[in-house]
Amino acid sequence: MLNQDAHGRTEDNCARKFESADFDEECTALAQYLLGKVLVRKSSDGQLLKGVIVETEAYLGGEDKASHSYNGKITARNRPMYEPPGTSYVYAIYGMYHCMNISSRGAGSAVLIRALEPMENVESMLKNRMASARSKNKSSEKNARIREEDLCRGPSKLCMSFDITKKLNNIFMPASAELWVEHPVLPSSFVIVQCPRIGIDKCGAEWASKNLRFYIFGNECVSKRDKNCEKLCAPSI
DNA sequence: CTAAGGATTTGCT
DNA sequence: GCAAATCCTTAGA
């Protein structure tokens, strides 16, 4: 890292950027560590889009039947999951959407970013969402009034708002000037809810039921609450 | 609030 | 060919 002061802050944005060592954690640990951190996307016009990561999922590879890298399978698509920790894995899903992951320690493991709380340059995110809706022939009338907390409330929504496409696949984020993660300038404390992952029922009950989804309790930008797990994780609230 | 069905590209069998 | 780590719309409780 260049140009950091004693507190790890860089000159221009006063926030420490994630380097290789920050990403080099076991998958479930990284999924939780990323909560409260800031995803940054430098848009084509030079603006910095920023959002706080509020919801993640761990995909372990190997035994994890829900993972694209189940059983150590390597394909053209999932190869970034085997790249060094901090490598982006962006793939297309359901024909029209994208999901973004970050590889972690361990072969074939990665963290899915499921939701962000918009932080800086929200207007640009809204513009990206509307442009994306138009290209998909969605009703632009209603999309013109998307609530701020709904902009990045889901894995594909955040990709639309941040203009994350396959161009940003397989990028080593510690060395990227387009897409990276940084520490918040003012860290906050929060309760983490652990619960089963979303949309993976067909892989079998054993892996579908594991608590590999993590989110910040009470945050309005989380895509789907699990109230049963909230009782266990935040009983006093 | 929950539920169901359609949109539509991509990767893999 | 088929199923997919989703989203949006509409219908109904």
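So that the names make sense, note that chain A is the first sequence line, chain B the second, and so on, each numbered from 1. Note that the coordinates shown come from a computational prediction; the quantities given were computed from them, not determined experimentally.
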One pair to check against salt bridge (charged side-chain N to carboxylate O under 4.0 Å, His left out): A/Lys50 and A/Glu182. What are the steps and the verdict? CA-CA 10 Å; A/Lys50 297 193 183 190; A/Glu182 63 188 30; 2.9 Å; yes

Please give, in whole Å, the distance from [N] [atom2] to [X] [atom1]?
X	N	atom1	atom2	result
A/Asp201	B/dA4	CG	C1'	15 Å
A/Lys73	B/dC12	NZ	C1'	7 Å
A/Tyr70	B/dT13	OH	P	13 Å
A/Tyr94	C/dT9	OH	P	18 Å
A/Met160	C/dC8	CE	P	5 Å

DNA chain C contacts among residues 109-116 of chain A, heavy-atom distance under 4.0 Å: A/Leu112, A/Arg114

Positive for salt bridge (Lys or Arg N to Asp or Glu O under 4.0 Å) with A/Glu55, one of A/Arg153, A/Arg213, A/Arg197: A/Arg213

Among C/dC8, C/dT6, C/dA5, which nucleotide has an atom closest to any side-chain atom of A/Asn101? C/dA5

Minimum-distance nucleotide to A/Met96 side chain [options: B/dA7, C/dA5, B/dT10]: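 Nearest listed nucleotide: B/dA7.
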
Dot-bracket assigned to DNA chain B with the 3.5 Å Watson-Crick/G-U criterion, [ ] for crossing and | for other-strand pairs, is |||||||.||||.

side-chain N/O A/Lys157 vs C/dT6 OP1/OP2, d < 4.0 Å: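 For C/dT6, neither OP1 nor OP2 has a side-chain N or O of A/Lys157 closer than 4.0 Å.
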
Under 4.0 Å from OP1 or OP2 of B/dG11: is there any side-chain N or O of A/Lys166 that close? yes

Taking the inter-plane angle between the rings of A/His183 and A/Tyr33 on a 0 to 90° scale, is it parallel (under 30°), tilted (30 to 60°) or perpendicular (over 60°)?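 Perpendicular.
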
Does any N or O in the side chain of A/Ser103 come within less than 3.5 Å of the main-chain N or O of A/Thr87, such that one atom is a donor and the other an acceptor?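 Yes; at least one donor-acceptor contact below 3.5 Å.
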
Please list, by residue number, the residues of residues 75-89 of chain A whose heavy atoms come closer than 4.0 Å to an atom of DNA chain B; answer none if no residue qualifies.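 Per residue number, the list reads A/Thr75, A/Ala76, A/Arg77.
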
Taking 4.0 angstrom as the limit, do A/Asp163 and A/Arg41 come out as a salt bridge?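 Yes, this pair counts.
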
Extract from the structure each pairing of a protein N or O with an N or O of nucleotides 1-3 of chain B at less than 3.5 Å, listing the distance.
none

Can you sort out the partners of A/His98 under side-chain hydrogen bond (donor to acceptor under 3.5 Å, both in side chains), two or more places apart, ordered by chain and number? none

What pairs meet the salt bridge (Lys or Arg N to Asp or Glu O under 4.0 Å) rule with one or both residues in residues 70-99 of chain A, with sequence neighbours excluded?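 Non-adjacent pairs meeting salt bridge (Lys or Arg N to Asp or Glu O under 4.0 Å): zero.
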
